[in-house]
Amino acid sequence: MIRLLIVDDDPLVRAGLTMMLAGLDDLRVVAEAADGTEVAAAVAAHAPDIVLMDIRMPRMDGLAATEQLRRRPGAPDVVVLTTFDADEHVLRALRAGAAGFLLKDTPPPELVRALRRVAAGEPILSPSVTRRLISQVTDGTGAVRANRARQQLDRLTEREREVAVAVGQGLSNAEIGVRLHMSVATVKAYVSRLLAKLELNNRVQIALLAHDAGQV
């Protein structure tokens, strides 16, 4: 059973998502929160596997709540809920450790598939979406971030760097295995090693690092 916490200041959005997911055998909404300030307590009380996190909320927004939550050991995955064009902070939420994002008008079958993918350890972010986000979001520190990203990649072995670039291109473990002539198990081991070595939370952050360094 995949346990979900829905965080959104709009009660209609929360109710709609809860109704949409009701009756599924493997997905269950275990709690709701109306603001980022309520997230920590809700996670502690209900132990969700995934938090569906709105960006724009009145007291603590989804970005701050995601950063706060993902700093905790054993934190659940966070999936950002967004209208996309209106939310300039989506990329920053991904950098903070979110596993991806969903548009609020995502059709129910796609939303369910996406949640199942996240629960299985797969980020829900395609290369085209990554490029669109990066092109839309600028915060004046691009040069500094690019230099820092290149320094981080310089710490990797040649093989580790190849895997990081392939992750940045949005390839699955199976696709990376075919390209680099590795078994899927070996690719998984390399990805785990990259996360530990680079002190990152998930594959999305590896992809963003590769983009920042100009490798993708």
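Reckoned from all heavy atoms, side chains included, excluding hydrogens, waters and symmetry mates.
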- Query: Got a sec, which residues hit side chain to side chain contact (heavy atoms under 4.5 Å, CB included) with A114, two or more places apart in sequence or on another chain?
  - Reply: L102, I124

- Query: Are Q205 and R70 close enough that a side-chain donor and a side-chain acceptor fall under 3.5 Å?
  - Reply: no

- Task: For the pair R150 and D212, evaluate salt bridge (charged side-chain N to carboxylate O under 4.0 Å, His left out) and give the outcome as yes or no after the intermediate values.
- Result: CA-CA 8 Å; R150 285 191 290 268; D212 286 344; over 6 Å; no

- Query: R56 versus D61: any side-chain heavy-atom pair under 4.5 Å?
  - Reply: no

- Item | Shared hydrophobic cluster for L52 and L63 (ILVMFWY, side-chain gaps under 4.5 Å) | no

- Message: Could you measure the distance from the OG1 atom of T66 to the CG atom of D77? Nearest 0.5 Å is fine.
- Response: 11.5 Å

- Nonpolar side-chain network containing M53, other nodes, edges under 4.5 Å: L5, V7, V39, V43, V51, M57, L69, V78

- Taking everything shown except M1 itself, do over 12 heavy atoms lie less than 6.0 Å from its CE? yes

- Message: Within the 4.5 Å heavy-atom criterion, are I206 and V191 side-chain neighbours or not?
- Response: yes

- Message: Tell me if a side-chain donor or acceptor on E175 pairs with a main-chain N or O of S172 at a distance below 3.5 Å.
- Response: yes

- Item | Pairs satisfying salt bridge (charged side-chain N to carboxylate O under 4.0 Å, His left out), at least one member in residues 185-207, at least two apart | E160-R193, E160-K197

- Task: Only counting residues at least two apart or in another chain, list the ones meeting side chain to side chain contact (heavy atoms under 4.5 Å, CB included) with L180.
- Result: R159, E162, V163, I176, M182

- Note on the structure: Nearest heavy-atom contact between V30 and P48 is CG2-CB, 4.3 Å

- Just wondering, do M60 and Q68 contact through their side chains at under 4.5 Å, heavy atoms? yes

- All side chain to side chain contact (heavy atoms under 4.5 Å, CB included) counterparts of Q152, not counting sequence neighbours: R148, R155, L198, L209

- N/O donor-acceptor pair under 3.5 Å between D35 side chain and E38 backbone: no

- Task: Decide side chain to side chain contact (heavy atoms under 4.5 Å, CB included) for I55 and L81; before the verdict, give the C-alpha distance in whole Å, the side-chain angles of both, and the deciding distance to 0.1 Å.
- Result: CA-CA 7 Å; I55 288 282; L81 287 170; over 6 Å; no

- Note on the structure: Nearest heavy-atom approach of H211 to G168 is NE2-O, 3.2 Å

- Task: Indicate if V13 and M20 have the same hydrophobic cluster label, given that clusters are the connected sets of ILVMFWY residues with side-chain heavy-atom separations under 4.5 angstrom.
- Result: yes

- Query: Atom CG in L12, atom CE in M19: separation rounded to 0.5 Å?
  - Reply: 11.0 Å

- Note on the structure: Those residues at least two apart in sequence (or on a different chain) that pass side-chain hydrogen bond (donor to acceptor under 3.5 Å, both in side chains) with R3 are none

- Note on the structure: Closest non-hydrogen atoms of L111 and T106, given as atom of the first, atom of the second and distance, are N-CG2, 3.6 Å

- Message: Would you say that D9 contacts D54 through its side chain, given a criterion of any heavy-atom pair below 4.5 Å between the two side chains?
- Response: yes

- Close side-chain approach of T18 to E32, heavy-atom, < 4.5 Å: yes

- State the CZ-CG distance between R28 and L24, to the nearest 0.5 angstrom. 12.5 Å

- Query: Do I2 and L115 have side chains that get closer than 4.5 Å, going by heavy atoms?
  - Reply: no

- Query: A164 and A210: which non-hydrogen atoms are nearest, and at how many Å?
  - Reply: O-CB, 3.9 Å

- How far does OH of Y190 sit from CG of N173, to the nearest 0.5 angstrom? 13.5 Å

